[in-house]
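The structure appears below as structure tokens.
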Number of protein chains: 2
Amino acid sequence: MSDSQGEEVRGLALFATMGDVNFKALMRGTYVQNFPPRIDLIHENEPADFLHVVLSGAVDLFSQWNRRETSMATVRPVSTFILAASISDLPYLMSARTLEKSRIALIPSQDVRRMFAADTAFATAIAAELANSYRTVVKNTKDLKLRTSLERLANYLLRQSRTRGAPDFDLTTEKKRLASFLGMTPENLSRAFRALEPHGVKVEGSHITITDPQGLARYAKPNPLIDDYST
Amino acid sequence: MSDSQGEEVRGLALFATMGDVNFKALMRGTYVQNFPPRIDLIHENEPADFLHVVLSGAVDLFSQWNRRETSMATVRPVSTFILAASISDLPYLMSARTLEKSRIALIPSQDVRRMFAADTAFATAIAAELANSYRTVVKNTKDLKLRTSLERLANYLLRQSRTRGAPDFDLTTEKKRLASFLGMTPENLSRAFRALEPHGVKVEGSHITITDPQGLARYAKPNPLIDDYST
DNA sequence: CGTCCTTTTGAACATTGTCAAACACTGTGG
DNA sequence: CCACAGTGTTTGACAATGTTCAAAAGGACG
């Protein structure tokens with residue numbers, strides 16, 4: 001991979017602290033590929049041969065069982081996915097497909113495991129990343145088990161509004177996929193948007209306006225231990 | 001803590017590989033406490049001062065939001081809980097209470113973080129443990145999102161039967177808590193048990209007999225990427 | 001302009017939760 | 001040992017939530 005691409009990877013907390021020589025060695029086996037939209041990158045149950053880094057575009061992590069499918073997460077630049085499988089040398093638990101045209105760096109899992117053993121700073125960063133991933137999934141589970149779908153949507157909108165820093169914004173994802181991520185059907189999501197109108201939400205296509213942030217928050221009751229990604 | 005108690009902790013994969021001196025140093029700050037049943041050990045949002053190790057008994061991890069409560073996991077000997085919070089020096093995401101009389105070792109999080117930086121083998125073991133925890137929660141999320149409550153119960157019973165190595169067994173947990181863990185109400189669980197009868201499940205109080213394992217499996221469609229804890 | 005897919009809407013249905021009551025089980029104190 | 005309280009479990013009736021199916025409307029794109 002080129003040096004400029006290497007810089008993008010190096011900027012990640014996961015790779016920022018490791019030794020220079022080790023990082024270069026890791027990049028030696030790494031290659032970057034461009035993918036069109038809607039391409040399957042990996043499929044659950046396959047051996048985790050590569051740690052993936054999304055450099056640009058967006059990737060959907062999803063799972064299937066018994067002809068049902070659910071969206072588990074969206075990965076946006078610059079970040080990695082399926083680190084746990086790579087480190088553990090176990091099969092992927094989730095599948096991944098590009099949502100848009102994407103540039104992905106592929107780091108051989110074997111090299112990751114080797115560097116993990118060789119470079120203490122890298123090992124530390126990996127543990128921090130895994131701890132963070134774990135806490136994110138736990139928060140997601142709490143969201144799913146403690147809230148109704150309407151409450152999940154309300155809190156999702158508040159989170160979006162906060163990360164964008166504005167009371168109005170465009171949805172970054174298809175409503176169909178948002179529904180799947182929130183654990184409901186598209187039909188139910190459509191009705192949920194309607195049901196949030198009296199709580200201060202206006203929907204025009206994919207453009208959302210939170211007309212009454214306090215009112216929506218009063219209904220949604222956001223909680224740092226579910227809705228804050230930083231803690 | 002005494003040496004014999006130290007041995008129990010040492011037996012855990014998490015502590016088995018670290019240096020002897022480091023392990024002893026870690027145990028120096030550790031103390032063991034006995035708790036009666038139904039005692040709150042930690043509460044979500046508190047600072048993660050201690051890594052907990054269940055030496056005997058059983059501990060329920062649960063979360064609350066807006067006057068609702070859900071059981072997230074049961075921790076049985078010998079294993080640790082809230083490692084991610086300890087390592088990250090972030091508040092607990094879950095609360096914990098004893099289910100039975102329990103013996104718990106409390107390891108100061110500060111010491112854990114110090115040893116994590118000092119002992120490479122320990123750091124490796126921590127990353128492995130975190131990766132494993134992450135994958136467990138992902139499997140749990142797939143269970144929740146891809147299956148109905150009836151399917152979750154059926155698969156739960158198959159998992160129990162498999163880990164006990166017998167087609168009949170006693171439930172290790174109250175039905176009320178099992179319901180909460182599976183993401184349903186006690187009433188719904190009671191009816192779910194009834195609904196599984198035609199699929200080969202007999203319920204007498206807390207004693208479960210799987211009269212038709214193949215039939216139940218045909219209905220439950222167990223999947224290694226959801227139901228196997230080892231992969 | 002037509003085609004494909006997403007989104008929305010309506011109606012029927014299924015699943016799950018709520019409330020109330022009865023029953024079972026456990027442990028306590030008389 | 002029994003009465004009793006407290007809690008967990010089960011059952012029934014009903015309400016709320018969510019899904020399915022069908023169809024129409026809206027958008028994206030060749």
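Small disclaimer: the values here were computed from a predicted structure and weren't measured.
Between B:Phe81 and B:His52, the two ring planes are tilted [angle within 30° to 60°].
Counting heavy atoms from C-beta on, the side chains of A:Thr163 and A:Phe169 never come closer than 4.5 Å. Put simply, the side chain of B:Glu151 reaches to within 4.5 Å of the side chain of A:Asn66, judged on heavy atoms. For the pair B:Leu83 and B:Ser133, the minimum side-chain heavy-atom distance is 4.5 Å or more. Taking 4.5 Å as the limit, some side-chain heavy atom of B:Leu182 sits within range of a side-chain heavy atom of B:Tyr156.
Of the inter-residue distances, the one linking A:Leu51 atom CG with A:Ile82 atom CD1 reads 6.0 Å to the nearest 0.5 angstrom. Taken to the nearest 0.5 Å, the CZ atom of A:Arg135 stands 10.5 Å off from the OH atom of B:Tyr92.
The residue from A:Lys139, A:Arg147, A:Lys142 that alone fulfils the salt bridge (Lys or Arg N to Asp or Glu O under 4.0 Å) condition with A:Asp227 is A:Arg147.
Between B:Arg177 and B:Glu69 no salt bridge is recorded (no basic side-chain N to carboxylate O distance below 4.0 Å).
Rounded to 10 degrees, the angle between the two end axes of the helix from C:dC1-D:dG30 to C:dG30-D:dC1 is 30°, with five pairs used at each end.
Panel note: side chain A:Lys175, backbone A:Glu187; no donor-acceptor pair is recorded below 3.5 Å.
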Contact letters for nucleotides 7-19 of chain D, in which S counts primed atoms plus P, OP1 and OP2 and B counts the base, heavy atoms under 4.0 Å: -SSSBBB----SS
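Read 5' to 3', the first and last nucleotides of DNA chain C with an atom closer than 4.0 Å to a heavy atom of chain B are C:dT16 to C:dC19.
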